[in-house]
Amino acid sequence: MSEMPKAYDPKAVETPIFAAWLAGGYFEQQPLPEGERPFTVAIPPPNVTGSLHMGHALNNTIQDVVVRRARMTGRPTRWVLGTDHAGIATQNKVEQLLASQGLRRQDIGREAFVEKCWEWRAEHGSTIIGQLKAMGCSCDYSNEWFTMDPSYQEAVRRVFVDWYDRGLIYRGKRIINWCPRCSTALSDIEVEHEDLDSHLWHFRYPLKDPVGARDHVVVATTRPETMLGDTCVAVHPDDERYRDIVGATVVLPLIGREIPIVADDYVDPTFGTGAVKVTPAHDQNDFEIAERHGCEKINILQADATISPAGGRYAGLSRYEARRKVVADMEAAELLLGIDDHVHAVGHCYRCHTVVEPWLSDQWFVDMKPLAVPAIDAVRDGRVVFHPKRWENVYFHWMEGIRDWCISRQLWWGHRIPVYYCDSCDAKPVASMDDLTECSQCGGSMRQDEDVLDTWFSSQLWPFATLGWPKHTPELDYFYPTSVLSTARDILFLWVARMIMSGIDFVDGKVPFDDVIIHPTVFNAEGKRMSKSLGTGIDPLDLMEHYGADGMRFGLMLQATGSQDIRFAEEKLGSSRNFANKIWNASRFVLMNLDEHFVPGEPEVTTVADAWILSRLADLASQVDEHITTYQFGEAARALYDFFWNEFCDWYIELSKGRLFAGARDDATEAEQGARLASQRNLVFVLDIALRLLHPMMPFVTEEIWCRLPLSEWRRASSLMVAAWPDPAELARFRDEAAERSVSKMLEIVVAVRTVRARYKIAPRQGISVVVRTQAETDVQLLDAEFTYLNALGGIDSFVAATDAVKPAHSVTVVAGGMEVYVPLEGLIDFEAERTRVAKELAAASSDLAKVARKLANEGFLAKAAPEVIEKERSKEAELADRVAVLRGQLDELEA
RNA sequence: GGGCGAUUAACUCAGCGGGAGAGUGCCUCCCUUACAAGGAGGAAGUCGGGGGUUCAAAUCCCUCAUCGCCCACCA
């Protein structure tokens, strides 16, 4: 067995271990003919343009934890891996690359551009995969998917054609969100709204012919430039102020177009002037008003958001120049009546943050309502469960108000829409699985739609397309539905909801996953979104460099509490890195104290400490198992940390030293040697189980150590990855409440004595004698039996314990474990300080006692509280009364 | 305009009906043969304000305040 260095060095350990896992084929899982339902996770495919950020680090740690636990339980397990072609993001990257060579994509043409995208992907696409490996993620690397793989393309096409043929996909001229920079349509949920300080401009629109005394109407707008496309003015039908001018004609200033005044329920009479200028080509509501009243729809913007020829002399100006000029011209014409400050929501492109324009254009849509209904049911009846549960309400709210999905994008990189048009005859457009060249009606040549599909259209098929769908593969049969989907909340609608809809629709009505984990969002220390461009991000790779992959993972798990977002500060990883080192050193201690011919064996309870630690271990196993399976990672991490550090290291290892060292002496008796062996076996056993429980969160350090543990043949495995997950039910045999109580009593005494030592600066090596008085004979027996521990941990040389023990002169009294402990301090006692301290303790104890007494005097409490609660209060009262009496006696004595 | 979340020790956060917890930081002591990335001890909180329910509230309900997020067609 090779020597373990004094400090854990993640760098030296992680790479070879990962290589060994990869070589060992532990990440792969083939479909089995029979047996238990497998555990499957489909990774949220990172964008090929992406590199690992903190959100990925958290999300993939979560997935790896559930996957590793499942694998250790023996369940066939597969974590499906792959990347997303990320239409806009990748196209942007490649366009930037071209721009650096002074080229636009139009210069090289569609085919060459798409070729460049593939090249880009080949070069950069696996960056993030390498980063997942560095984290230790146990994905199936042998089977990496890409959303543009040929079989995936077939899946996308199948879905399109199917929905098209069922009438769920249609083409229409609608108001969509247009990003002038990306030069493509976006779906509603790809637009981020941001409240901006702006203005409400009031314009006077003259009537063509005065109606009575009225010769104009005043409208208010947040977007003055859109007036170039106004085709009517709307007022509310019940609005008395305008009743007489409904039907009249307005002459649109600057343009001179004659437009009608219409009455429409949409108008809110209390807002602005109660009269709305209507620009049907640049506003969804205006579009609908125009539909209802048969008004013209004039598009005044071009694709790059400059004014179109329809804007007359404003043509060619940018939208913002046009705004300034329109306002200036209106003012010059004395038609600008006022400008109010006004905050309103402005939509921005979620990819490039350019202000988007509502724009009238021909696009493809999916009719979502029929798909949403079964997907709502699936969550409502619990076939899909969200964690935390409250996200279900967010899901319902969105799904119930779902609107049609604009799926066409004016990009080149992506799944091209498989619809073919005949230019020679009036044949209906055809959606086809095969490329069509010849019109079936007239034999003329066919032309494919120029647009590609929204990237999310392909992402929505991820859980089943990565298992071979639409082919009926053994993988699909075996691994679908997947078990858990873990993701950030910002893609709940973009991705999660759509996977549920398409999964149910295409895979025999089966939901794509049982559980959805919506994990916390990782913010920076200031509580702001991490952003690479703003330099407010933290790079997980740097963190792993400094704290090790395990340190980063465990630090994230400690903070993953489910409800609360994470304000991530790097300092927080320190304790996790230290924890890895603690595990390392505790293990090092155990291994250092094994004999060359150590024979592993079952744990042997020979002392109360053994019974105690095994009982605590059993408790730990059930907690960790429970918390991981209910996705309470923070709880699981804390339980592991507390057990390993505070119970196993601080106490059990310390308690073991006496037996270990005594049994190793040359003159050790046979009994001492036997005790040493028992201690060794217990240490190895506890360490073994603890490492297994820690492994999902800290895979590297646990694997490295575990492989060095000498274990019985049946406990061995070629890797901790596939070692058996501790079974809480099986470990329950170690539960021992009596031992837990006894040990806490002893530990209390040790702490009390240590406190006295610290207070009086008694050197650790200087022995100490104590006298203990207790009411219980069992306490005396316990202390007698476990004296070695008091000696080892409290430096107690000798003690007298009895029910009638007498307090020695010149001694300090502390109360611990329901016993009075007298520590003789001849000549050392600082009476003044002691008085202050005791008085303070007495005050606290008296106040506690009064509180308890009040409770016990309350008839309502006695009548209604649970019996065990009352019992607890009674014993608390007795304890406190005791304590108060002791402290009072002590104080009297000090004051005498 | 709706909805959600947060508010607990100096900081970051657990706890979510029955004795206020952790990590970091701070103070004191200790390089004791697993670990100074460590050990021992300690100080530190009217659990955002106000009501209510309950024998009992940090925990449940209402309300207010502050911060943050999401959804929404009010020009």
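Only this structure's heavy atoms are used, side chains among them; waters, hydrogens and symmetry mates stay out. Lettering of chains follows the sequences in order, A, B, ..., and the numbering in each one begins at 1. These numbers come from a predicted model, not from an experiment.
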Are there any protein N/O atoms within less than 3.5 Å of an N/O atom in nucleotides 17-25 of chain B, and if so, which ones and at what distance?
| from | atom 1 | to | atom 2 | distance (Å) |
| --- | --- | --- | --- | --- |
| rG23(B) | O2' | Ser575(A) | OG | 3.4 |

For [X], which contact category applies under a 4.0 Å heavy-atom criterion: base, sugar-phosphate, or nothing?
| X | answer |
| --- | --- |
| Glu635(A) | sugar-phosphate |
| Phe579(A) | nothing |
| Asp650(A) | sugar-phosphate |
| Arg403(A) | sugar-phosphate |
| Lys528(A) | nothing |

Quiz: residues 340-347 of chain A side-chain donor-acceptor pairs under 3.5 angstrom, not counting sequence neighbours:
| from | atom 1 | to | atom 2 | distance (Å) |
| --- | --- | --- | --- | --- |
| Asp340(A) | OD2 | His202(A) | NE2 | 3.0 |
| Asp341(A) | OD1 | His199(A) | ND1 | 3.3 |

Expressed in whole Å, how much space separates the [atom1] atoms belonging to [N] and [M]?
| N | M | atom1 | answer |
| --- | --- | --- | --- |
| rG17(B) | rC62(B) | P | 16 Å |
| rC73(B) | rG18(B) | P | 44 Å |
| rA14(B) | rA56(B) | P | 29 Å |
| rA6(B) | rG39(B) | C1' | 37 Å |
| rG23(B) | rU66(B) | C1' | 27 Å |
| rG5(B) | rG38(B) | P | 38 Å |
| rU8(B) | rG68(B) | P | 16 Å |
| rC26(B) | rA65(B) | C1' | 32 Å |

Heavy-atom donor-acceptor pair, Glu654(A) side-chain to rA34(B) base, under 3.5 Å: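 In this structure, the two groups form a donor-acceptor pair.
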Under 3.5 Å donor-acceptor pair, Lys582(A) side-chain atoms to rC35(B) base atoms: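 Side chain to base: pair found, below 3.5 Å.
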In whole angstrom, give the distance that lies between atom CZ of Phe633(A) and atom C1' of rC13(B).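 Spelled out: CZ on Phe633(A) to C1' on rC13(B) is 18 Å.
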In this structure, how many angstroms lie between the C1' atom of rC70(B) and the CG atom of Leu492(A), rounded?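 Rounding to the nearest Å, CG of Leu492(A) and C1' of rC70(B) are 10 Å apart.
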Would you mind telling me which of [options] lies closest to the side-chain atoms of [X]?
| X | options | result |
| --- | --- | --- |
| Thr222(A) | rC35(B), rG41(B), rA75(B) | rA75(B) |
| Asn585(A) | rC35(B), rC69(B), rA75(B) | rC35(B) |
| Lys277(A) | rG42(B), rG15(B), rA75(B) | rA75(B) |
| Arg588(A) | rG42(B), rC35(B), rA44(B) | rC35(B) |
| Arg567(A) | rG5(B), rU12(B), rA75(B) | rU12(B) |

Would you say that [X] contacts [Y] through its side chain, given a criterion of any heavy-atom pair below 4.5 Å between the two side chains?
| X | Y | value |
| --- | --- | --- |
| Asn585(A) | Arg588(A) | yes |
| Ile175(A) | Asp283(A) | no |
| Tyr242(A) | Thr273(A) | yes |
| Arg837(A) | Lys840(A) | no |
| Leu573(A) | Phe568(A) | yes |

For His397(A) and for Glu859(A), find the nucleotide of RNA chain B with the closest heavy atom, then tell me which residue's nucleotide is more 5'.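 Of the two residues, Glu859(A) wins.
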For Ala345(A) and Phe523(A), find the nucleotide of RNA chain B closest to each by heavy atoms; which residue's nucleotide sits nearer the 5' end?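 The residue whose closest nucleotide sits nearer the 5' end is Phe523(A).
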From CA spacing to verdict: side-chain contact (heavy atoms from CB on, under 4.5 Å), Val394(A), Arg390(A): CA-CA 7 Å; Val394(A) 179; Arg390(A) 68 185 141 87; over 6 Å; no
Lys/Arg N to Asp/Glu carboxylate O, Glu545(A) vs Lys11(A), below 4.0 Å: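 Yes, this pair counts.
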Side-chain donor-acceptor contacts of residues 227-239 of chain A below 3.5 Å, not counting sequence neighbours, with atom names and distances?
| from | atom 1 | to | atom 2 | distance (Å) |
| --- | --- | --- | --- | --- |
| Asp230(A) | OD1 | Lys277(A) | NZ | 3.1 |
| Asp230(A) | OD1 | Thr279(A) | OG1 | 2.7 |
| Asp230(A) | OD2 | Tyr205(A) | OH | 2.6 |
| Thr231(A) | OG1 | Glu296(A) | O | 2.8 |
| His236(A) | ND1 | Asp238(A) | N | 3.0 |
| Asp239(A) | OD1 | Arg241(A) | N | 3.1 |
| Asp239(A) | OD1 | Arg241(A) | NE | 3.0 |
| Asp239(A) | OD2 | Arg241(A) | NE | 3.4 |
| Asp239(A) | OD2 | Arg241(A) | NH2 | 2.8 |

Which ranges of RNA chain B pair up as stems, where a stem means three or more consecutive Watson-Crick or G-U pairs with both distances under 3.5 Å?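 Listed by first number, the stems are B:1-7 with B:65-71, B:10-13 with B:21-24, B:26-30 with B:38-42, B:48-52 with B:60-64.
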Relative to Phe648(A), does Lys582(A) satisfy both conditions: NZ or CZ under 6.0 angstrom from the six-membered ring centre, and within 45 degrees of the ring's axis?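 No; the conditions do not both hold, so Lys582(A) does not lie above the ring face of Phe648(A).
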Is any side-chain nitrogen or oxygen of [X] closer than 4.0 Å to OP1 or OP2 of [N]?
| X | N | result |
| --- | --- | --- |
| Lys761(A) | rC30(B) | no |
| Gln564(A) | rA14(B) | yes |
| Arg759(A) | rU28(B) | no |
| Arg754(A) | rG41(B) | yes |
| Thr561(A) | rA14(B) | yes |
| His342(A) | rA75(B) | yes |
| Trp645(A) | rG39(B) | yes |

For a quick check under 3.5 Å, do Asp595(A) and Gln680(A) share a side-chain donor-acceptor pair by atom type?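 The criterion, which ignores hydrogens and geometry beyond distance, is satisfied for Gln680(A) and Asp595(A).
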Residue list, side-chain hydrogen bond (donor to acceptor under 3.5 Å, both in side chains) with Glu192(A), at least two apart or on another chain: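 Listed in chain order: nothing, the list is empty.
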Any chance the rings of Phe386(A) and Trp391(A) have centres within less than 6.0 Å?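 Here the rings of Trp391(A) and Phe386(A) have centres that are no less than 6.0 Å from each other.
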Going by number, which of residues 267-276 of chain A have a non-hydrogen atom under 4.0 Å from RNA chain B?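 Heavy-atom cutoff 4.0 Å gives Val267(A), Asp268(A), Phe271(A), Gly274(A), Val276(A).
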Determine yes or no for a side-chain-to-main-chain donor-acceptor pair under 3.5 angstrom, with Arg676(A) supplying the side chain and Leu660(A) the backbone.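 At least one qualifying donor-acceptor pair exists.
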